[in-house]
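These notes concern the structure reproduced below.
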2 protein chains.
Amino acid sequence: MGVGMAKATKKKTAAGVHDHRRCVNRALSSAERACETQGKRLTPLRRRVLELIWDGHAPVKAYDLLRTLAQEHAGAAPATIYRALDFLQDAGLVHRINSQNAYLGCNASDHPHVGHFLLCTSCSNVVEFENDGLAALIDEQARAQGFHVDRQTVEVMGLCRSCQ
Amino acid sequence: MGVGMAKATKKKTAAGVHDHRRCVNRALSSAERACETQGKRLTPLRRRVLELIWDGHAPVKAYDLLRTLAQEHAGAAPATIYRALDFLQDAGLVHRINSQNAYLGCNASDHPHVGHFLLCTSCSNVVEFENDGLAALIDEQARAQGFHVDRQTVEVMGLCRSCQ
DNA sequence: AATGCAATGTTATATTGTAACATTCATAAC
DNA sequence: GTTATGAATGTTACAATATAACATTGCATT
Ligand SMILES: [Zn+2]
Ligand SMILES: [Zn+2]
Ligand SMILES: [Zn+2]
Ligand SMILES: [Zn+2]
């Protein structure tokens, strides 16, 4: 199972409502541009894995991706998925949610940023947030202890607005 | 293997230098008090697992603990270790380092606090730090998005002072 | 065509973590 | 002291996550 069943089906294109198809397409286009810029190759396989990640629009587990991919791709094996995930993470297109062993598409792959997430323990929704002040404070606190920061992850567990 | 070989052997009681035995004993005494206070039972098994965690004085993997424990404890199985780890985490005596699937003794188990860590990618040393301002900022950022925070973890990867 | 390298295929295995049920142990009630 | 109770541990089996190692394919350069 995925990390959550949340919103496996999305509302269809009402006014102001999340248009899932459009969202996925935007993510894929953005990914293509990002890879172009970085001189990285978004092969059909990698692109398809990224699309599958966005399909659920929520953190997805590697073996769920594998099961889905295997239905359309004969040779799919764990290495297939993990290689694609490694590539996508290196390219900044996907984040790993460590506390869940799950992977989430990044909607800000156009600029460098750190991984900060709000994880709802009730509905399993996850949202990425950016707060430069927070990132800077973490950096500063680390430097004050003589530590040089390469990467930081923040995972906040709790209840989203609609689950409280 | 453990997360790192770092400091498997510690310097012995020089002036101002980390005295490992004393440090472990302090942690165990503190743990006993904490369990007393919380009305939780620090059984010999749980106490021994906590001691093994402190022995390395660095994050340790569950199956490394298991291998060590098995040498002195006949019936040791995965469940043995994971149950002890669950208990110790609930009691606030141990933190899980999500990015490493590893467990670290907490030296501040006497008061409630969140898990903030600096992880050196070179020597594998990990230090826990506390910064109320940081915890508060995370809380505030989450609340601003209508999110109710139960728990937060911060893992900062980089180079410690001596590894730069 | 020959070479080299990146990507993928393929098989096997390592690592991490749970489920389920039996047994033992400590405590309190009788 | 015996018995009832629930917590803790023993025991076996298995699920879930991830990597190693080597073969093959595809593609670009020479
Ligand atoms: Zn992102
Ligand atoms: Zn929710
Ligand atoms: Zn702590
Ligand atoms: Zn270091």
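Chain identifiers are assigned alphabetically (A, B, ...) following the order of the sequence lines, protein sequences preceding nucleic acid strands; residue numbering begins at 1 within each chain.
Considering only the side chain of Thr43(B), dA8(D) comes nearest among dC21(C), dA8(D), dT17(D). Side chain of Asn101(B), nearest nucleotide from dG9(C), dA20(C), dT16(C): dT16(C). Of the candidates dC22(D), dT18(C), dA20(C), the closest approach to any side-chain atom of Arg83(B) belongs to dA20(C). Closest to the Arg46(A) side chain, of the nucleotides dA7(C), dA20(D), dT11(D), is dA7(C).
Atoms CG (Leu65(A)) and C1' (dA16(D)) sit 14 Å apart, rounded to a whole Å. Going from atom CG of Leu69(A) over to atom P of dG9(C) covers 9 Å, rounded to whole Å. Tyr82(A) places its OH atom 14 Å from the C1' atom of dT13(C), with the value rounded to the nearest Å. Atom CZ in Phe87(A) sits about 14 Å away from atom C1' in dT8(C), given to the nearest Å. Distance, Asp86(A) CG to dT8(C) C1': 14 Å, rounded to whole Å. Straight-line distance from the CG atom of Asp90(A) to the C1' atom of dA6(C): 14 Å, rounded to whole Å. Separating the CG atom of Asn98(B) from the C1' atom of dT15(C) is a distance of 16 Å, rounded to the nearest angstrom. Remark: C1' of dT8(C) and CD1 of Ile81(A) are 13 Å apart, rounded to the nearest angstrom.
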Exercise. Please walk me through it: do Arg33(B) and Glu36(B) pass salt bridge (charged side-chain N to carboxylate O under 4.0 Å, His left out)?
Worked result: CA-CA 5 Å; Arg33(B) 284 194 302 277; Glu36(B) 188 93 13; over 6 Å; no
Exercise. Under the side chain to side chain donor-acceptor pair (under 3.5 Å) criterion, do Gln141(A) and His116(B) qualify, and how do the steps go?
Worked result: CA-CA 11 Å; Gln141(A) 166 71 27; His116(B) 293 174; over 6 Å; no
For this session: Would you check, one step at a time, whether the test salt bridge (charged side-chain N to carboxylate O under 4.0 Å, His left out) holds for Arg67(A) with Asp64(A)?
Result: CA-CA 5 Å; Arg67(A) 273 184 283 275; Asp64(A) 288 338; 2.7 Å; yes
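Here His73(A) does not reach the OP1 or OP2 of dT8(C): none of its side-chain N or O atoms lies under 4.0 Å away. In this model, the phosphate group of dT15(C) is not approached by any side-chain N or O of Lys61(B) to a distance below 4.0 Å at OP1 or OP2.
Side-chain contact between Leu28(A) and Arg47(A) is present, with at least one heavy-atom pair separated by less than 4.5 Å. Contact check for Arg46(B) versus Lys40(B): no side-chain heavy atoms found under the 4.5 Å cut-off.
Heavy-atom nearest nucleotides on DNA chain D were determined for Ala74(B) and for Tyr63(A), and the one closer to the 5' end corresponds to Ala74(B). Nearest-nucleotide positions on DNA chain D for Leu45(B) and Ala79(A) put Leu45(B) closer to the 5' end.
Phe117(A) and Val149(A) are assigned to two separate hydrophobic clusters, defined by single-linkage of ILVMFWY side chains at heavy-atom distances under 4.5 Å.
Residues from residues 27-41 of chain A lying near DNA chain C, meaning a heavy-atom separation below 4.0 Å, are Arg41(A) in numerical order.
Between His57(B) and Trp54(B), the ring planes are perpendicular. Angles over 60° get that label, and only those under 30° would be called parallel.
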